Protein chains: 2
Amino acid sequence: MKVGKRMTRPRKLVVDALSKNDKPMTAQEIYSKMKNKADLASVYRTLELMTKNNLVQEYEFGDGKKRYELVNGHEHHHHLVCQHCGNVEDVEMKEGELMEKVANKSGFKIERHNLEFFGLCQDCQ
Amino acid sequence: MKVGKRMTRPRKLVVDALSKNDKPMTAQEIYSKMKNKADLASVYRTLELMTKNNLVQEYEFGDGKKRYELVNGHEHHHHLVCQHCGNVEDVEMKEGELMEKVANKSGFKIERHNLEFFGLCQDCQ
DNA sequence: GTTTTTGCAAACTTTTTGCATGCGG
DNA sequence: CCGCATGCAAAAAGTTTGCAAAAAC
């Protein structure tokens, strides 16, 4: 890891779990992948640390659980969340101009945005 | 209300609280506004009912609480959430073409999307 | 050796649920 | 009246926290 922090086993396990998955994961999902080799609380603490240091990005898809995805390697992107099967696909799109317009006309200093789509994937239509 | 459902006091109170506020409210906030005149559980049940019937729209701004806003009257819009003071402003933007592109290239049947911006409002910059 | 991090257990917060009672139409 | 909706209380579910023990460096 980095950030002047220690590279411990629980942290390795979290990174490991996240990097083996291509979809955002909940804390529970990450925890399940590491079979008692670290505590759930450590998972949460690690995710908080990594989120603050922009190593992971946090998402909410509306079911009350936060999901996390490694930033490393991933382009900036958004998600298509199937409301039937729960599957998640990545979408990339160039929304740059749109964001600029919002920034300009609002006077807000926009640091990040979440854009998620909900609907039905091809299999579920 | 409608939906073939009964217009009861708790439901009136929820609609009332929501219509007197111009920002999305949490269940707790709604509950607080109605001073023991209805139960929190009824607030949740009402919000669920109204969400399913598209009378309210549900949002998540990343703090683990769901927020609700009356659809009635409001144009389709998005939010600017200040990460410092928590204030929420509405933004309107024409993102139509962008949405179409995503729909076309993904094969997803998109039913709705959430787009929220996080940053610093003018006062907090 | 000292500081950071962990595991465990307990607490907290938000949301959901069961059930007997009560209100709306 | 009759069934849907409510209040209350208890339970889920997700996340956070305190603290002594253990691991990094």
Side-chain angles (χ1 to χ4, degrees), chain A residues 1-18 21 23-53 55-69 81 83 86 88 114, chain B residues 1-18 21 23-53 55-69 81 83 86 88 114:
Chain A
M1 197 162 307
K2 43 357 11 38
V3 199
K5 300 294 182 186
R6 293 175 181 175
M7 177 38 89
T8 62
R9 179 147 105 135
R11 290 176 181 175
K12 279 190 190 111
L13 288 166
V14 169
V15 173
D16 216 53
L18 284 172
N21 240 51
K23 311 206 176 307
M25 301 172 81
T26 63
Q28 275 290 351
E29 288 169 343
I30 295 169
Y31 177 62
S32 300
K33 293 253 171 176
M34 48 205 234
K35 299 287 177 195
N36 303 343
K37 282 189 259 161
D39 195 75
L40 223 207
S42 298
V43 173
Y44 277 108
R45 285 186 280 230
T46 300
L47 290 171
E48 186 191 2
L49 178 71
M50 295 183 74
T51 301
K52 280 189 180 146
N53 290 96
L55 298 170
V56 307
Q57 161 96 45
E58 186 182 288
Y59 299 100
E60 279 184 284
F61 293 158
D63 61 357
K65 300 168 203 166
K66 291 180 185 168
R67 278 154 218 272
Y68 301 86
E69 195 170 55
V81 182
Q83 296 178 309
V88 179
N114 279 353
Chain B
M1 197 160 307
K2 45 349 25 28
V3 200
K5 301 295 183 186
R6 294 179 180 171
M7 177 40 86
T8 62
R9 180 147 105 136
R11 291 177 181 173
K12 278 190 192 111
L13 288 166
V14 169
V15 173
D16 215 53
L18 284 172
N21 238 51
K23 311 206 177 309
M25 303 173 81
T26 63
Q28 275 290 351
E29 288 168 344
I30 294 168
Y31 177 61
S32 300
K33 293 252 171 177
M34 50 205 232
K35 300 288 178 192
N36 303 343
K37 282 189 259 162
D39 195 75
L40 224 205
S42 298
V43 173
Y44 277 108
R45 285 186 280 229
T46 301
L47 290 172
E48 185 192 2
L49 179 70
M50 294 183 75
T51 301
K52 281 189 181 146
N53 290 97
L55 298 170
V56 307
Q57 161 97 42
E58 185 182 287
Y59 299 100
E60 279 184 283
F61 293 158
D63 62 356
K65 300 169 204 164
K66 292 181 183 166
R67 277 155 218 273
Y68 301 86
E69 195 171 54
V81 182
Q83 297 179 311
V88 178
N114 279 353

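Only a predicted model underlies this, so the values are computations on that prediction, with no experimental measurement involved.
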Quiz prompt | Residue whose closest nucleotide on DNA chain C lies nearer the 5' end, B:D39 versus B:K65 | solution = B:K65
Quiz item: Quick one: are A:E69 and A:Y59 in side-chain contact, heavy atoms under 4.5 Å?
Solution: yes
Quiz item: Of all residues at least two apart in sequence or in a different chain, which pass the salt bridge (charged side-chain N to carboxylate O under 4.0 Å, His left out) check with B:R45?
Solution: none
Quiz item: Nearest of D:dG7, C:dC8, C:dT6 to any side-chain atom of A:P10?
Solution: C:dT6
Quiz item: Once each nucleotide of nucleotides 18-25 of chain C is scored for protein heavy atoms under 4.0 Å, what B/S/- sequence comes out, 5' to 3'?
Solution: B-----BS
Quiz item: With side chains defined as the heavy atoms from C-beta onward, is the minimum distance between A:T46 and A:L18 less than 4.5 Å?
Solution: no
Quiz prompt | Separation of C:dT14 C1' from B:R67 CZ (nearest whole Å) | solution = 12 Å
Exercise. Using atom CG of B:L13 as one end and atom P of D:dT6 as the other, report the distance to the nearest whole Å.
Key: 10 Å
Quiz item: CG of A:L47 versus C1' of D:dT15: gap in Å, rounded?
Solution: 11 Å
Quiz item: Got a donor-acceptor contact below 3.5 angstrom from the A:K66 side chain to the A:E60 backbone?
Solution: no
Self-check item: Within-4.5 Å side-chain heavy-atom neighbours: B:Y68 and B:M25
Solution: no
Exercise. Would you please name every residue forming a salt bridge (charged side-chain N to carboxylate O under 4.0 Å, His left out) with A:K52, sequence neighbours left out?
Key: A:E48
Quiz item: Do A:R67 and A:V81 have side chains that get closer than 4.5 Å, going by heavy atoms?
Solution: no
Quiz prompt | Integer-rounded Å distance: C:dT14 P and B:E58 CD | solution = 15 Å
Quiz prompt | A:P10 and A:V43, any side-chain heavy atoms less than 4.5 Å apart | solution = no
Quiz item: Ignoring hydrogens and geometry, is there a side-chain-to-backbone donor-acceptor pair from B:R11 to B:R6 under 3.5 Å?
Solution: yes
Quiz item: Taking atom P of D:dA22 as reference, at what distance in whole Å does atom CZ of A:R11 sit?
Solution: 19 Å
Identify every side-chain donor-acceptor pair in residues 26-41 of chain B under 3.5 Å, counting partners at least two apart or on other chains, and give the distances.
| residue | atom | partner | partner atom | Å |
| --- | --- | --- | --- | --- |
| B:T26 | OG1 | B:E29 | N | 3.1 |
| B:E29 | OE1 | B:T26 | N | 2.9 |
| B:S32 | OG | B:Q28 | O | 2.8 |
| B:D39 | OD2 | B:A41 | N | 2.9 |

Self-check item: Residue B:Y44, side-chain atoms from C-beta onward, closest of D:dA5, C:dT14, C:dT5
Solution: C:dT14
Quiz item: Between C:dT14 atom C1' and B:Y68 atom OH, what is the distance in whole Å?
Solution: 10 Å
Quiz item: Taking five pairs at each end, how big is the angle between the two axes of the helix from C:dG1-D:dC25 to C:dG25-D:dC1, to 10°?
Solution: 40°
Quiz item: Does the side chain of B:M50 reach to within under 4.5 Å of the side chain of B:V15, using non-hydrogen atoms?
Solution: yes
Quiz item: Residues from residues 28-38 of chain B sitting under 4.0 Å of DNA chain C, heavy atoms only?
Solution: none
Quiz prompt | Atom-pair distance (CD on A:E48; P on C:dT6), nearest Å | solution = 12 Å
Self-check item: Atom pair distance, as rounded to whole Å: CG in B:L49 and C1' in C:dT15
Solution: 16 Å
